[in-house]
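See structure below.
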Amino acid sequence: MPFSVKTHIVPRPLHLNETGGYYAGSLIPDERTRIVFAPPFFAQAQILAGYLRNSTALPFPLEETARAEINVIARERLECGDLCLLLNRQLDREEYKVTVGSHGAMLEASTPEGMAHAVHTSLQLFPPAIFSPSPRVGIPWAMSSVEIHDRPAHAWRGFGLDCARHFVPLAELERFIDLLALHRFNTLQLHLTDDQGWRIEIKAYPKLTERGAFRSQTRFGHKTGKGGFKADPQGGFYTQEELKGLVAYAKDRGITLIPEIDLPGHATAIIAAYPEFGSAGSRPAEPTGDFGILPDVLFPTPEVMTFIRTVLAEVAEIFPAPYLHIGGDEVLPDHWQQDPRTPALLQELGLSSVQRLQPWFTGQLHQIAGALGKRIIGWDEVLAPELPTDTILHCWRGTRAIDRELLRRHQTIVAPFSHFYFDFYQSQNIGGEPLAQGGCTTLRTVYGFDPEKAGFDGVDVLGIQGQLWIEYLPTRALRDYMAFPRICALAEVAWLPHAQKEWADFRERLSVHLRRLTILGVNFRAPGDGDD
Ligand code: TNX
């Protein structure tokens with residue numbers, strides 16, 4: 001028996017017609033089934049073949065077709081029993097179609113990004129075991145017959161991963177990209193620097209990683225609770241070559257990597273490496289193993305501005321995305337206030353108070369990034385009357401904390417902690433849960449997010465983003481547990497128009513989807529009955 005004739009795709013495609021099912025014309029691949037691809041889609045054909053070969057042990061030879069355009073070869077190819085990845089120039093960048101019948105499967109897109117979505121949706125038309133990394137026997141490898149025509153509601157479907165509080169190994173980043181691609185996200189923001197570690201090689205400033213990437217101790221438990229510090233020598237960083245490889249890996253899967261260099265606060269690791277860049281009061285011996293908001297902040301001397309210009313130029317070389325995320329969150333003015341150089345600096349810059357220093361700083365970052373051909377993204381604390389209007393705001397505190405009039409001047413990424421921070425508990429019943437940041441954001445809370453009700457009506461919303469901060473998540477297993485299945489719900493919030501979401505339908509599809517995640521080795525939290 002086939003596992004099901006119903007499809008269980010997450011996130012749900014916008015238009016899906018279940019035209020048959022296993023007995024009514026599904027595609028049953030065999031030794032002769034080929035993956036035929038139009039030239040732009042070689043990478044996506046390889047990704048598809050990789051999954052299919054691993055689990056089925058069938059050969060799935062790749063064959064490039066010279067006649068790439070859908071209208072020339074579609075029908076003829078479909079009759080061959082092949083899986084065909086074809087160019088359809090009529091579709092938008094992320095729009096795609098999938099048509100499956102007993103005589104073949106046709107995937108259509110106009111760009112590699114669109115084709116990546118077509119591939120990841122198509123894989124979900126097979127039994128969940130298709131995601132097995134090793135051959136499985138006794139599975140009916142049928143692909144459900146469907147007609148899908150799909151496109152996302154939001155242009156920016158992002159996820160922000162903290163790689164600074166702990167070092168996240170490169171292989172885990174690749175796997176995380178695979179999982180985001182499976183859920184048709186298109187953006188991964190890497191939080192590469194913070195008080196606890198600097199994770200990106202910068203050739204002009206080698207001490208950033210020699211000293212700034214390693215620490216000797218880490219807090220256990222919450223600051224407010226019993227806890228304390230334990231000896232915990234750890235750290236690590238990514239070389240520029242590794243990151244360039246990761247950019248290419250993500251691109252083939254339809255995902256753009258956005259680097260975040262958090263400035264001018266969250267700077268303990270920088271100041272540990274280069275003490276002369278700090279303000280009065282900041283002399284950390286190493287990146288901190290503590291969490292929370294720390295007072296270490298850069299002091300904008302000419303040397304520091306040169307440092308920032310050089311760092312951002314190296315970063316911009318690695319990441320081709322048109323954006324640089326410059327952080328800007330949680331900057332305490334205390335050390336600026338205490339620094340004897342501050343009064344002269346304020347006078348020189350014509351600033352009325354130390355409070356105007358961060359807006360001035362953001363303006364400098366805007367200029368530096370602009371000269372590199374990039375737009376800046378900043379956390380919502382950078383919002384100020386003098387903020388250049390092409391700055392993208394990354395709203396994490398919710399619109400109540402923000403001046404709505406000012407917000408309307410900017411393109412915005414919607415990322416409120418109340419719904420999209422996956423370091424929060426996912427159950428009211430925290431007794432059985434691993435230590436988390438606090439708060440509670442259940443699967444249902446994530447799924448129910450409505451941008452209009454959250455105060456983003458009238459705001460130029462670019463899209464949606466979730467975040468995983470990893471202060472309390474030192475292992476991959478814990479990171480999986482907090483990220484999944486909330487990422488599945490987030491994916492659907494980002495992909496479908498709000499009115500098209502249906503909680504009961506999502507939960508039903510999710511039950512099958514969780515079998516896929518199990519086979520992929522994801523340590524997700526099994527959703528409970530009562531608390532989600
Ligand atoms: C706030 S969100 C932060 C992070 C923390 C997070 C913990 C933001 C811009 N700053 O540095 O990790 O809260 O939930």
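All values below come from the heavy atoms of this structure, side chains included, with hydrogens, waters and symmetry mates left out. Just follow the structure's listing: the first ligand is 1, and inside any ligand the first atom is 1.
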Under 4.0 Å between a Lys/Arg side-chain N and an Asp/Glu carboxylate O for [X] and [Y]?
X	Y	answer
Arg165	Asp195	no
Arg93	Glu113	yes
Arg404	Asp457	yes
Arg157	Glu94	yes
Lys223	Asp290	yes

**Report entry** ligand 1 atoms in contact with Gln437 (distance to a heavy atom under 4.0 Å)
**Finding:**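 Atoms satisfying the 4.0 Å criterion: 7 (C), 14 (O).
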Which residue owns the protein heavy atom closest to [atom], what's the atom, and how far is it?
atom	result
atom 1 (C) of ligand 1	Glu330 OE2, 3.4 Å
atom 8 (C) of ligand 1	Asp329 OD2, 3.4 Å
atom 2 (S) of ligand 1	Tyr421 OH, 2.5 Å

Query raised in the report: What do you reckon, does Trp469 have a nitrogen or oxygen under 3.5 Å from a nitrogen or oxygen of ligand 1?
Result: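 Between Trp469 and ligand 1, no N or O pair is found under 3.5 Å apart.
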Query raised in the report: Backbone or side chain, does any N or O of Trp396 fall under 3.5 Å from an N or O of ligand 1?
Result: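 By distance alone, the answer is no.
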Query raised in the report: For atom 7 (C) of ligand 1, which candidate among Ile470, Asp423, Asp194 provides the closest heavy atom?
Result: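 It is Asp423 that holds the nearest heavy atom.
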Requested in this report: Tell me which one of His191, Arg165, Gln467, Glu471 gets a heavy atom nearest to atom 11 (O) of ligand 1.
Outcome: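 Shortest heavy-atom distance from atom 11 (O) of ligand 1: Arg165.
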Requested in this report: Tell me which part of Phe417 gets within contact of ligand 1: side chain, backbone, both or neither, using heavy atoms under 4.0 Å.
Outcome: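 Answer for Phe417: neither.
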**Report entry** Charged tip of Lys501 within 45° of Tyr447 ring normal and under 6.0 Å
**Finding:**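 Cation-pi check for Lys501 and Tyr447: passes.
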Report task. For residues Glu471 and Asp162, determine if any side-chain heavy atom of one lies less than 4.5 Å from a side-chain heavy atom of the other. Result ->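 They are in contact (side-chain heavy atoms under 4.5 Å apart), so the answer is yes.
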